[in-house]
Structures are given as structure tokens and as C-alpha cells.
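Data block below; observations after.
Because the structure is predicted, anything quoted here is derived from the model rather than measured.
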Amino acid sequence: MGLQSLMNGLLLIYFLFMVIVTPLFDCQSCLPSSLFPDVLVDLNTWYANEHGDYLSIEKPHFFVGLIWLELIVMWPLCIANFYGIFASKSWVKKTCLIYGVSTATSMVAILSEMIRSSRASSTLLSIYVPFLGFALISVLNGLLPHSSSVNVMKTSAMKGKKRA
């Protein structure tokens, strides 16, 4: 139960971060900059130039496609996962698994492009690698069985009821 609580706590913070960052920064790669305040555009440009994020600067087609996937599929899953973990919903394991597999697939594509191109600095890789880590934690959270203490409590409560 301790591992499950730790994963849920980490994922709760991560999903809150993603709920905020995705529409404000990531979407600048696929939507016109006129939709965003100048402060956010300047901050995103500064980040890309400071860290050498050539994918954000050059916007290759596969990267823009992955950002669209993030905006249309994974961002709503982040919102659902944040709510599901916060409210202890029973379906959150399934949505965490879906999110984790999709994000891990995207991150493998991005990281393999960075490594194969030899253009990514160690700083840039250290920014992208944690997203793969959180994706794997999300997959693990979706694959772990429900806590056994909850099942024991439900079973003992059912035994105490008389049948009509």
C-alpha cells in the first residue's frame, strides 16, 4: 500500500503540472503564436534557445504530430487522471495505463531522435527523460493490482451481512 500511495502522490503532482504546462507551452509548437500572450511566447522561445531544444525551434513534422496527440488525447487523460487520483476513483488505473503507454511511446520516439541526431545536449536530455520516467510510473500504477487491504475490508463487511 505504501508503494501505491507514493506513486499516486507523484502522479498527482505530475498530472497537475501537465494540466497546466500542455496548453500554455507545449501547444505553441502546433498552434499559431498569436493565440498565446507575448509573455508565454517569449518564455517558450527563451527556453528553446537556452537549452538548445531544436525540436521546439525547428518543429519537425513527427514532433508536431506528437504535440497534437498530446493536446487531443493525452491532455484530457491528464485531467481525468488528476481528478481520478484526487477523488480515488476506481477507473483511474485504466486511464493511467492508457496515458502511460501513449506517453512512453511518444517519449521513445523523441528521445531516439535526439540521441541519433547527436544534436541534443545532456541538459536537454535531462529535461525530456523524466517524462519517460513518469510515463513508466503511470504504466506501473495501472498494472499493479488494487490494494489488498481494501479487498479484505470489503470481504469482511460482506460476511457480516445476513442474507434474506
Side-chain angles (χ1 to χ4, degrees), residues 2-87 91-144:
L3 178 63
Q4 186 74 46
S5 297
L6 176 65
M7 282 193 307
N8 282 341
L10 287 172
L11 289 174
L12 187 70
I13 294 166
Y14 170 74
F15 288 129
L16 177 61
F17 174 77
M18 292 306 294
V19 164
I20 295 167
V21 168
T22 298
L24 296 180
F25 294 102
D26 294 351
C27 292
Q28 290 184 34
S29 294
C30 63
L31 296 173
S33 60
S34 62
L35 295 175
F36 301 95
D38 290 338
V39 172
L40 293 178
V41 174
D42 292 342
L43 186 61
N44 199 30
T45 304
W46 170 82
Y47 154 77
N49 291 328
E50 182 72 22
H51 297 291
D53 192 347
Y54 68 95
L55 294 174
S56 293
I57 295 169
E58 296 172 7
K59 300 176 185 172
H61 295 299
F62 88 95
F63 185 71
V64 173
L66 290 176
I67 296 297
W68 274 111
L69 173 71
E70 183 177 8
L71 178 62
I72 295 170
V73 177
M74 296 182 334
W75 185 58
L77 279 172
C78 285
I79 295 169
N81 286 335
F82 177 77
Y83 171 73
I85 292 171
F86 187 75
W91 46 260
V92 76
K93 290 188 159 297
K94 292 176 184 119
T95 56
C96 275
L97 183 61
I98 294 167
Y99 175 85
V101 169
S102 181
T103 301
T105 304
S106 297
M107 291 312 302
V108 165
I110 290 170
L111 291 171
S112 63
E113 154 58 31
M114 288 181 168
I115 292 168
R116 289 183 57 211
S117 73
S118 302
R119 295 173 60 190
S121 64
S122 59
T123 304
L124 185 60
L125 287 172
S126 68
I127 291 170
Y128 277 88
V129 167
F131 292 101
L132 178 61
F134 279 108
L136 296 176
I137 291 171
S138 188
V139 168
L140 184 61
N141 187 39
L143 291 176
L144 284 178

To the nearest 0.5 Å, how far apart are CD1 in I98 and CE in M74?
12.5 Å
Residue pair F17 / C78, side-chain heavy-atom distance below 4.5 Å
no
Can you check whether L144's main-chain N or O pairs, donor with acceptor, with K93's side chain at less than 3.5 Å?
yes
For a 4.5 angstrom cut-off between non-hydrogen side-chain atoms, does N81 reach L11?
no
Can you find a pair of side-chain heavy atoms, one from V73 and one from W68, that are under 4.5 Å apart?
no
Rounded to the nearest 0.5 Å, what's the gap from CD1 on I137 to CG on L132? Could you check?
10.0 Å
To the nearest 0.5 Å, atom CG of L97 lies from atom CG of L143 at 5.0 Å
For residues C96 and F15, report the shortest heavy-atom separation together with the two atoms involved.
SG-CE1, 4.0 Å
How about OH on Y83, more than 12 heavy atoms from neighbouring residues, nucleotides or ligands closer than 6.0 Å, or not?
no
Which distance, rounded to the nearest 0.5 Å, do you find between the CG of D53 and the CD1 of I127?
7.0 Å
Among N8, V92, L16, L12, whose side chain to side chain contact (heavy atoms under 4.5 Å, CB included) with F86 holds?
L12
Could you label the plane-to-plane angle of the F134 and Y14 rings as parallel, tilted or perpendicular, counting under 30° as parallel and over 60° as perpendicular?
parallel
Give me the atom names and distance for the closest heavy-atom approach of Y54 to A120.
CE2-N, 4.1 Å
Value rounded to 0.5 Å, distance of CG in N141 from OH in Y99:
13.0 Å
Which distance, rounded to the nearest 0.5 Å, do you find between the OG1 of T45 and the CD of Q28?
7.0 Å
Determine the minimum heavy-atom distance between A104 and A135, stating which atoms define it.
N-CB, 3.6 Å
Does a side-chain heavy-atom distance below 4.5 Å link F131 with S106?
no
Under a 3.5 Å distance rule, please check whether S117 uses its side chain to pair with a backbone N or O of E113 as donor and acceptor.
yes
Min side-chain heavy-atom separation F25-L40 under 4.5 Å
yes
Y47, OH: over 12 other non-hydrogen atoms inside 6.0 angstrom:
yes
Heavy-atom side-chain proximity of M18 to I79 below 4.5 angstrom
no
Taking S112 for its side chain and A109 for its backbone only, find out whether a donor-acceptor pair lies under 3.5 Å.
yes
How far apart are the C-alpha atoms of S138 and T103, what are their side-chain angles, what is the distance that settles it, and do they pass the side-chain contact (heavy atoms from CB on, under 4.5 Å) test?
CA-CA 9 Å; S138 188; T103 301; over 6 Å; no
Answer whether the closest heavy-atom distance between the side chains of M114 and L55 falls below 4.5 Å.
yes
Can you give me the closest heavy-atom contact between L31 and L35, atom names plus distance?
CB-CD1, 4.1 Å
Is there a side-chain contact between L71 and D26, using heavy atoms and a 4.5 Å cut-off?
no
Report yes or no: does S126 contribute a side-chain atom to a donor-acceptor pair with the main-chain N or O of T123 at less than 3.5 Å?
yes
Under 3.5 Å donor-acceptor, S29 side chain and V64 backbone
no
W91 and G84: which non-hydrogen atoms are nearest, and at how many Å?
CH2-CA, 3.7 Å
